[in-house]
Amino acid sequence: MSPQMYERLWTAFLETLGMVSVSVAIAVALGVPLAVFLVLAAPGGLIRAPYLQRALAAVVNGFRATPFIILLVALLPITRLLVGTTIGVWAAVVPLAASATPFFARIAEVSLREVDAGLIEAAQAIGCHRWHIVRHVLLPEALPGIIGGLTITIVSVIGASAMAGAVGSGGLGDMAIRYGYQRFDTEVMAIVIVILVALVCLIQFAGDFVVRRLRER
Amino acid sequence: MTVISSADTASASLRRDFRREALDARPALPATAADTSLSVVFENVRKIYRSSSGPVHALHGIDLSIKHGSIFGIIGRSGAGKSSLLRTINRLEAPTSGRVLVEGQDVAALDAAGLIALRRRVGMVFQHFNLMSAKTAWSNIALPLVVSGAPKARIDERVGEVVALTGLEGKERAYPSRLSGGQKQRVGIARALVHRPDILLCDEATSALDPETTLSILRLLKDINRRFKITIVLITHEMSVIREICDSVLVLDSGRIAEVGPVWRVFGDPEHPATRALLEPLNRDIPADVAEQLRPQPDSGASSAVVELTYMSKSGLEPDPVAIAKAFGGPFRLLQSSLDRIEGHVYGRLLAVGPARLAGDVDPFARVADRARILGYVPADV
């Protein structure tokens, strides 16, 4: 393999990291508030907004039901509107974030819902506002589950980012398809697979480690 | 009853500060505060839950007042409405109708800020502790102050005080999962006290604890009540909890008041079937071997009378062996006893066997106990 090839692999690796981290950052920034709202506005919750809650829940389910490869194509007009192009790393971030946000929000919602109702009652009894309950009870108590969900989200976004390679997003998936599939360069494909497997393992390990530390308390 | 008195002198200044600040912090009472000796007043409080199978009446018009500085117990079977009643005090539950006055203030009339101010004056302790697992003991206790925006110096000072008060020194940095049940409840009590409340609500605070730990937690509660004059309202399904620390008791039966009054009177002379049912475990049955040979009338084979004597401190009569022997007209033996003394009043039951001198004549015994009954006759050798 030529030195240029290694350079291209390195660039592709950085592109993948960039795509994944920006998409996941957006997913967390939007997904956590979304999950908190879905839990607070659920029947019997601390906020009364049943229609908005149901509408948002439906949107979350709609996005989650759409396969990523279709979402990728369906969102092209929006991607063009937001990024100005439909090719490249930044163009891939839009469908990646659009798919990761509801995915992560749903996992976070489940973790938040599992927080003992007694803790919320206790928080009310000691004079907590709604925001205090979110800040001091819901989020800290659900944190291990949210971190676990974050790990799953990152791994699935890495997978989806490779799929985005099919429409020219750049990154490792793009390389594997162009060299491995279109030029029969098995070596490049193998290296890409090794890198992706190593990346996923590392993230899973780190995620599990953090969750274990949190649960030990 | 003296409880944990070793720390009394050390706590003298703490107590002074505690009361003074509590008084300073209390807003002026509105004109509705008719009787200032009352801490909590319930006026015709009803609670109806809607369920899929129709409305469920949890409380049927409760009228009740709880005095300042008392330990008031609410007892009843599960589903009797105890929890609903307790939760109307800090409006974790709103009554369907009727009024709840806390320190003269109508709880239902409070706005969001007023409700939070009320909850800071009413501490609450839970059966399952309800501690935040992601926070240390210290942070759990500090939480009520943190959310009220108290400055750090005051938080440290107050948390330090209640940690000492509840005997949690050395456990401040521990997470709840590392604490025993008793320690967790002490953290729960410390958290409830950190705002120096006027009222402490205990929701089955000892029901998840073993008997020994229960006793130590009850002593702590009594100590807190005596030292800081905090009104304690507790709910329980255990008679022993009421007997141990309460001044007054309310027996709740299917959302209605069955009986209410000083513990010694309600326990000594239970009038309502619900109270009797709760007391039942304390009144054991006649021993099986005696019951087997019990005859309704004395005969040649059954020459001893089995007499039940009940004391309920009505007449001030106390179990006097000499008087009982006189009533029997000879020496007698005790078969069973469940006597207890609550606030200087003796109540309970004695089962005695002695000569059946006057068959069916209960009069001599009526003079030695509040209530006397001849249960039957057995052979002299029983």
Side-chain angles (χ1 to χ4, degrees), chain A residues 32 35-36 39-50 107-150 207-217, chain B residues 50 83 86-87 89-93 112-137 139-150 173-179 187-188 190-195 197 199-204 208:
Chain A
V32 170
V36 167
V39 170
L40 291 185
L46 300 175
I47 296 178
R48 282 183 61 85
I107 299 177
E109 186 197 347
V110 171
S111 303
L112 290 168
R113 215 183 277 291
E114 277 171 6
V115 172
D116 186 356
L119 296 187
I120 294 166
E121 193 184 41
Q124 289 176 312
I126 62 177
C128 283
H129 298 278
R130 271 200 299 249
W131 161 242
H132 291 142
I133 294 176
V134 173
R135 159 88 176 68
H136 291 286
V137 184
L138 283 178
L139 289 177
E141 294 297 319
L143 194 60
I146 291 175
I147 298 289
L150 182 64
D208 289 349
F209 177 77
V210 173
V211 170
R212 211 173 322 117
R213 286 298 294 272
L214 288 175
R215 290 215 196 276
E216 265 171 20
R217 301 194 300 208
Chain B
R50 274 169 229 301
S83 212
L86 189 77
R87 278 165 170 69
I89 298 175
N90 60 354
R91 217 174 91 185
L92 284 176
E93 282 187 32
L115 181 61
I116 281 174
L118 168 85
R119 286 174 176 171
R120 286 176 183 157
R121 282 164 39 214
V122 181
M124 189 161 184
V125 180
F126 300 87
Q127 176 176 10
H128 297 294
F129 324 125
N130 294 356
L131 304 177
M132 312 306 159
S133 69
K135 293 185 191 297
T136 60
S139 303
N140 264 290
I141 298 168
L143 188 57
L145 293 171
V146 170
V147 298
S148 75
R173 301 265 154 265
Y175 284 94
S177 60
R178 295 273 181 272
L179 299 174
V187 174
R191 177 177 68 180
L193 290 178
V194 80
H195 265 304
I199 302 171
L200 185 63
L201 309 180
C202 300
D203 179 8
E204 299 271 6

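Lettering of chains follows the sequences in order, A, B, ..., and the numbering in each one begins at 1.
Put simply, of B/Ser133, B/Ser177, B/Ala117, the one with the most heavy-atom pairs under 4.5 Å next to chain A is B/Ser133. For the set B/Leu118, B/Val125, B/Leu92, the entry with the most heavy-atom pairs within less than 4.5 Å of chain A is B/Leu92.
B/Met132 CE to A/Asp116 CG: the interatomic distance, rounded to the nearest 0.5 Å, is 9.5 Å. Note that the CD atom of A/Gln124 and the CZ atom of B/Arg91 stand 11.0 Å from one another [nearest 0.5 Å]. In this structure, CD on A/Glu216 lies 7.0 Å from CZ on B/Arg178, to the nearest 0.5 angstrom.
Contacts between B/Leu115 and chain A at a heavy-atom distance below 4.5 Å are absent for every atom of the residue.
Nearest heavy-atom pair across A/Ala125 and B/Phe126 is CB-CZ, 4.0 Å. The heavy-atom pair separating A/Pro140 from B/Ala134 by the smallest distance is O-CB, 3.7 Å. A/Gly118 approaches B/Asn130 most closely through the heavy-atom pair O-ND2, 2.9 Å.
Side-chain contact between B/Val147 and A/His129 is absent, with no heavy atoms from C-beta onward closer than 4.5 Å. Between B/Val146 and A/His136, the closest side-chain pair of non-hydrogen atoms falls below 4.5 Å.
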